[in-house]
Number of protein chains: 2
Amino acid sequence: MNLRELAKHLNLSQTTVSRALNGYPEVKEATRLRVEAAARQFNYTPNMRARGLATGRAMCIGHVMPISKKHEMVNPVFGDFITGASEAYVEAGYDLLLTLVPDAEEAHHYRNMKAKGNVDGIIVHGPLMADRRIALLQEIGLPFVVHGRASDMPADYAWLDMNNRRAFDRATELLIELGHRRIGLVNGLEHMDFAHRRREGFLAALMRHGLEVNPAHLRAGEMTEALGYGAASDMLKQPDPPTAFLSSSMVTAMGIWRALGDRGLRLGRDVSLITHDDDLGYLKNGHDVPTFTATRAPVRDMGRRAAEMLLEMIRDPSCGPLQTLMEAELILGRSTGPAPRE
Amino acid sequence: MNLRELAKHLNLSQTTVSRALNGYPEVKEATRLRVEAAARQFNYTPNMRARGLATGRAMCIGHVMPISKKHEMVNPVFGDFITGASEAYVEAGYDLLLTLVPDAEEAHHYRNMKAKGNVDGIIVHGPLMADRRIALLQEIGLPFVVHGRASDMPADYAWLDMNNRRAFDRATELLIELGHRRIGLVNGLEHMDFAHRRREGFLAALMRHGLEVNPAHLRAGEMTEALGYGAASDMLKQPDPPTAFLSSSMVTAMGIWRALGDRGLRLGRDVSLITHDDDLGYLKNGHDVPTFTATRAPVRDMGRRAAEMLLEMIRDPSCGPLQTLMEAELILGRSTGPAPRE
DNA sequence: GACGGAATTGAAAGCGCTTTGGGTGCACGC
DNA sequence: GCGTGCACCCAAAGCGCTTTCAATTCCGTC
């Protein structure tokens, strides 16, 4: 059933039917009711492609995920983020188009997004420190919001980010207050912006307290369980092993934990551990009391907020690039305790 | 730049330009080259909405994920599955539309998919045992492939599934051969089809070997780390604790492992564990030697295959519903060993 | 040099919707 | 009786593309 048929069936023009369904005021209330009833009866839904052609709006948001060829890994955070975003889209009547781009920097993908005309705006995932996509998108003129930031780029674009720097600074500070002097950092890949900021926060806190940075206590890689296990195992073998760890993700933290187990070290007693926790649905940090002391950021909420920002920017293009910085909570779990006496 | 402008610039009709770009034979080679050069120069990409309107094909596949209100959790497998599917779409020039459906309003969402006309087919995720969506989609007449199956429905639809029953049967068999007599099953929610089949496989193997089923050794829930920890802790407290566990996911297995650690039980020595492993990018099962003995199914490949099936069905609607059953590998890791002497 | 068919190209219709720019009645005031 | 303003409705244009049908050109042939 399309508009023409519906109109014919009602003995009305397409114009009137269209207006009735889209809530225009110049149609008589009785007529509107008649139209709406018929639409319901025949299960009429406007064809979005046709509507899009006519209005110029696609009613669809694109999410662009870079999948690096080298590290073929889907960010586990993605599922939860997108769930949150999806809530906002459903409410606003938008669809979600997902594009996985093999190489973060393939310009033509982004250009095509605009030309193909099937999205009104996009959300950019996984920004690098110097992410050329931002300038590209500004040039293209498609509204966008970055999930995260790109430190090396001028900041006049829309983004939603967690305060990674501060979160890791605070976490480090907490460990230092507990008496830890040798702290290992197991970070994500540091050309990713979020990882870079976390490292900065970590180093800043160390420096503020006059602590040396031991390069052997810094490790970065894809945030897998294996990374945590490997990194912690290596560091613990060294002459001056860390008495505490900072980890960039829950799975990595579990790997670290396993490495402790191998050596008979007890978490929170012999060795302390703070991890970042994205509060993912399938990876809850304990039940009543959190297993890990953690910097927690509700990724799902962030997805929703980012989506709302983008929708707002589309609704009112004059509002300029919106920016949101969210603070992570520092939640106390059972993985931290005073540094052991030497 | 749109087709008309491009045509004008070339002093050609839209017809010819369109044909040149779409590889129709009736256009002179010299002209085609000229057109292609101009298209590249101006970065012309056809507007998909307009093309879709004209051709009736959306060049887009919908993925529908139910998000149950009760268990607000995104299936962690989803990211990898969709990455695989995406590969196939990119090659075929398709886009991917993601819809998260809160399962209450099911029916009208699927009906709208068809009416809105922005997808040519859909992939259905998370099938339940008696999933009404299948009959609905058949009635609607939109090509679809189910990731998994629905045991209680007639099987004349397209699906791609892992042989869950056989995988868990084999895994159980292995444990029995190792001398285990009391085996705990920590499963996913059993109204989900895959979990139901795994349970069946588990029970079949027990029965075949004349082993009693202890209801206290069966547990099902959302496959979180906490589930594994809680279930294992409970079972180990009982008078006749399991000497081996079967787990439906890696994170759950890690929870079980943690519960063992709490009690000073060593994995693979004191207690054995086999888990299902979806081979996710960020949750690798060990490095050289797998940590866990596991039934492994490459979810990403499955995504690709499912997508290819759907594209084939769209290309040739007469080919009927395709079906693919994949076998999981049973890979040996360090989490299994002979049952301890009593 | 005219002719038939193959090779190229174009004009125009149409996909299903929105929206512009008129109508057509009708009530009202003069 | 006539203009005015309002409330309501419609015909038709147009969004950017594909595709049908027809027109034109080109060539080898007789």
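Lettering of chains follows the sequences in order, A, B, ..., and the numbering in each one begins at 1.
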Determine to 10° how strongly the helix from C/dG1-D/dC30 to C/dC30-D/dG1 is bent, judged from the axes of its five-pair ends. 70°
Closest-nucleotide mapping onto DNA chain C: is A/Arg51 or B/Asn11 further toward the 5' terminus? I mean the 5' end. B/Asn11
Residue closer to the 5' end of DNA chain C, B/Thr55 versus B/Thr31 (nearest nucleotide): B/Thr31
Got a sec, which residues hit salt bridge (charged side-chain N to carboxylate O under 4.0 Å, His left out) with A/Arg305, two or more places apart in sequence or on another chain? none
Counting distance alone, no hydrogens or angles: does the base of C/dT18 have a donor or acceptor under 3.5 Å from a partner atom on the side chain of A/Thr15? no
Please give, in whole Å, the distance from D/dC17 P to A/Asn47 CG? 17 Å
At under 4.0 Å, does any side-chain N or O of [X] touch on OP1 or OP2 of [N]?
X: B/Tyr24; N: D/dT20; result: no
X: B/Ser13; N: C/dT9; result: no
X: A/Asn22; N: C/dT18; result: yes
X: A/Tyr44; N: C/dG16; result: no

Check the angle between the aromatic planes of B/His125 and B/Phe81 and answer parallel, tilted or perpendicular using the 30° and 60° thresholds. perpendicular
Could you check if a side-chain atom of [X] sits within less than 4.5 angstrom of a side-chain atom of [Y], using non-hydrogen atoms only?
X: A/Ile122; Y: A/His63; answer: no
X: A/Met302; Y: A/Asp80; answer: no
X: A/Leu142; Y: A/Met113; answer: yes
X: A/Val35; Y: A/Leu10; answer: yes
X: A/Phe78; Y: A/Leu98; answer: yes

Please work out if B/Arg49 contacts a base, only the sugar-phosphate, or nothing of the nucleic acid, heavy-atom cut-off 4.0 Å. nothing
Sub-3.5 Å pairs of nitrogen or oxygen atoms, protein against nucleotides 25-27 of chain D:
none

Out of D/dC17, D/dC15, C/dG21, which has the shortest distance to the side chain of A/Arg19? C/dG21
